[in-house]
> 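Before anything else, here's the structure in question.
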Amino acid sequence: MSQLTKKAIVEATLNLAQSRSLNKITVRDIVEACGITRNTFYYHFHDIYEVLEDVIDAKFEALEGSWGSDPKAAAYELRDFCVAHKKILSNLYKTIGHDAMEGYLYRRLHAILMELLRGENVHYGVRAEDLELIANFYARGLTGELLCRLKTEDSDLISDTERWERLFDGTLRFCLENAKKLS
């Protein structure tokens, strides 16, 4: 029952966040949409932002598990999640601010990239500090690009990511090859 209630809270919050700014959504709005009490809401979450963080964390955790086995599919899954929830992510960006959103996205993308690089590194034997440098570089770039797209109403994340894929295909392997030569 508890998981069903938590799921109902998440769905109600996502539905409300599609149509209005996060700072205009109240816990009262959510509990009325779910048919639960405020105490029940607070049993599961501290505030509305924690609900959204829980949704985003769950998506990233699912991706982190699949990134090493099929990075392209995981990247497209992340992109599709961002497209499907762009309004919500944009509202979150406007509400919590650039620095908070940047830090969150960077940490999550960095973790995914490190998993991917460690998996590829079995063929290269690159030093850990070089893997960290490569992951930092790409995580910062991807974070910046995603934030830019969240701020821009008319951005087309689907065509942008397809273009990124064609432009940057093979660059991680190229970085690993160069790092191996430097070792």
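Every heavy atom of this structure was used, including side-chain atoms; hydrogens, water molecules and symmetry mates were not. Numbering starts at 1 and runs along the sequence shown.
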> From K6 NZ over to F41 CZ, what is the distance, rounded to the nearest 0.5 angstrom?
11.0 Å
> In a check of side chain to side chain contact (heavy atoms under 4.5 Å, CB included) between L16 and each of D29, I48, T26, which one passes?
D29
> Please check if the side chain of R107 supplies one atom and the backbone of G103 the other of a donor-acceptor pair under 3.5 Å.
yes
> Give, for atom CG of L147 and atom OH of Y104, the distance between the pair rounded to the nearest 0.5 Å.
13.0 Å
> Hey, are the side chains of Y43 and T5 touching, using non-hydrogen atoms and a 4.5 Å cut-off?
no
> Is there a donor-acceptor contact under 3.5 Å from the side chain of R108 to the main chain of D57?
yes
> Please check if the number of heavy atoms outside R20 that lie under 6.0 Å from its CZ is greater than 12.
yes
> Do L133 and F168 sit in one hydrophobic cluster, given that two such residues count as connected whenever their side-chain heavy atoms are within less than 4.5 Å of each other, even indirectly?
no
> Over all heavy atoms of both residues, which pair between A135 and M114 is shortest? Give the atoms and the distance, please.
CB-SD, 3.4 Å
> Tell me the closest heavy-atom pair linking C148 and T152, and the distance in Å.
O-OG1, 2.9 Å
> How far does CD of E129 sit from CD of E132, to the nearest 0.5 angstrom?
9.5 Å
> Can you confirm whether T40 sits close enough to V31 that some side-chain heavy atom of one is under 4.5 Å from a side-chain heavy atom of the other?
no
> Do L105 and L142 have side-chain heavy atoms sitting under 4.5 Å apart?
no
> Atom CD1 in I9, atom CD1 in I36: separation rounded to 0.5 Å?
3.5 Å
> Mind running side-chain contact (heavy atoms from CB on, under 4.5 Å) on L157 and K86 for me, showing each step along the way?
CA-CA 9 Å; L157 196 54; K86 182 176 181 190; over 6 Å; no
> So which atom in S21 and which in N23 form the shortest heavy-atom distance, rounded to 0.1 Å?
OG-OD1, 2.6 Å
> Is any side-chain heavy atom of Y42 closer than 4.5 Å to a side-chain heavy atom of V27?
yes
> Indicate, with yes or no, if L52 and Y106 share a hydrophobic cluster defined by side-chain heavy-atom contacts under 4.5 Å among Ile, Leu, Val, Met, Phe, Trp and Tyr.
no
> Are F137 and L176 connected, step by step, through hydrophobic side chains (Ile, Leu, Val, Met, Phe, Trp, Tyr) whose heavy atoms are closer than 4.5 Å?
yes
> Any donor and acceptor pair, going by atom type alone, linking the side chain of E50 with main-chain N or O of H46 inside 3.5 Å?
yes
> List the steps, then state whether side-chain contact (heavy atoms from CB on, under 4.5 Å) holds for V10 with F45.
CA-CA 10 Å; V10 167; F45 299 101; 4.0 Å; yes
> Say you draw a straight line from CZ of R118 to CG of L116; how long is it, rounded to the nearest 0.5 Å?
10.5 Å
> Side chains of T37 and N39: is there a donor and an acceptor less than 3.5 Å apart?
no
> Are the side chains of M101 and T143 in contact, using a 4.5 Å heavy-atom criterion?
no
> Could you walk me through whether K181 and E177 pass salt bridge (charged side-chain N to carboxylate O under 4.0 Å, His left out), step by step?
CA-CA 6 Å; K181 291 175 194 173; E177 289 167 6; 5.7 Å; no
> Looking only at heavy atoms, which two atoms of A8 and C34 are closest? And how far apart?
O-SG, 3.3 Å
> Just how far is it from atom OH of Y93 to atom NE2 of H98, taken to the nearest 0.5 Å?
5.0 Å
> With a 4.5 Å cut-off on side-chain heavy-atom distances among I, L, V, M, F, W and Y, is there a chain of contacts connecting V122 to I112?
no
> Could you pull out the closest heavy-atom pair between Y124 and K180, with the gap in Å?
O-CD, 3.4 Å
> Is any side-chain heavy atom of L89 closer than 4.5 Å to one of L146?
no
> Check the pair I134, L172 against side-chain contact (heavy atoms from CB on, under 4.5 Å), reporting the backbone distance first and the verdict last.
CA-CA 8 Å; I134 295 166; L172 285 178; 3.8 Å; yes
> Is any side-chain heavy atom of S2 closer than 4.5 Å to one of H44?
yes
> Looking only at side-chain N and O atoms, does S183 offer a donor or acceptor that is under 3.5 Å from a partner on R127?
no
> Transitively linked via ILVMFWY side-chain contacts under 4.5 Å: L182 with L131?
no
> Is there a donor-acceptor pair under 3.5 Å between the side chain of N15 and the backbone N or O of E11?
yes
> Hey, are the side chains of I56 and F81 touching, using non-hydrogen atoms and a 4.5 Å cut-off?
yes
> Between H85 and L14, is a side-chain contact (heavy atoms from CB on, under 4.5 Å) present by the stated rule, with each step listed?
CA-CA 8 Å; H85 297 91; L14 290 175; 4.2 Å; yes
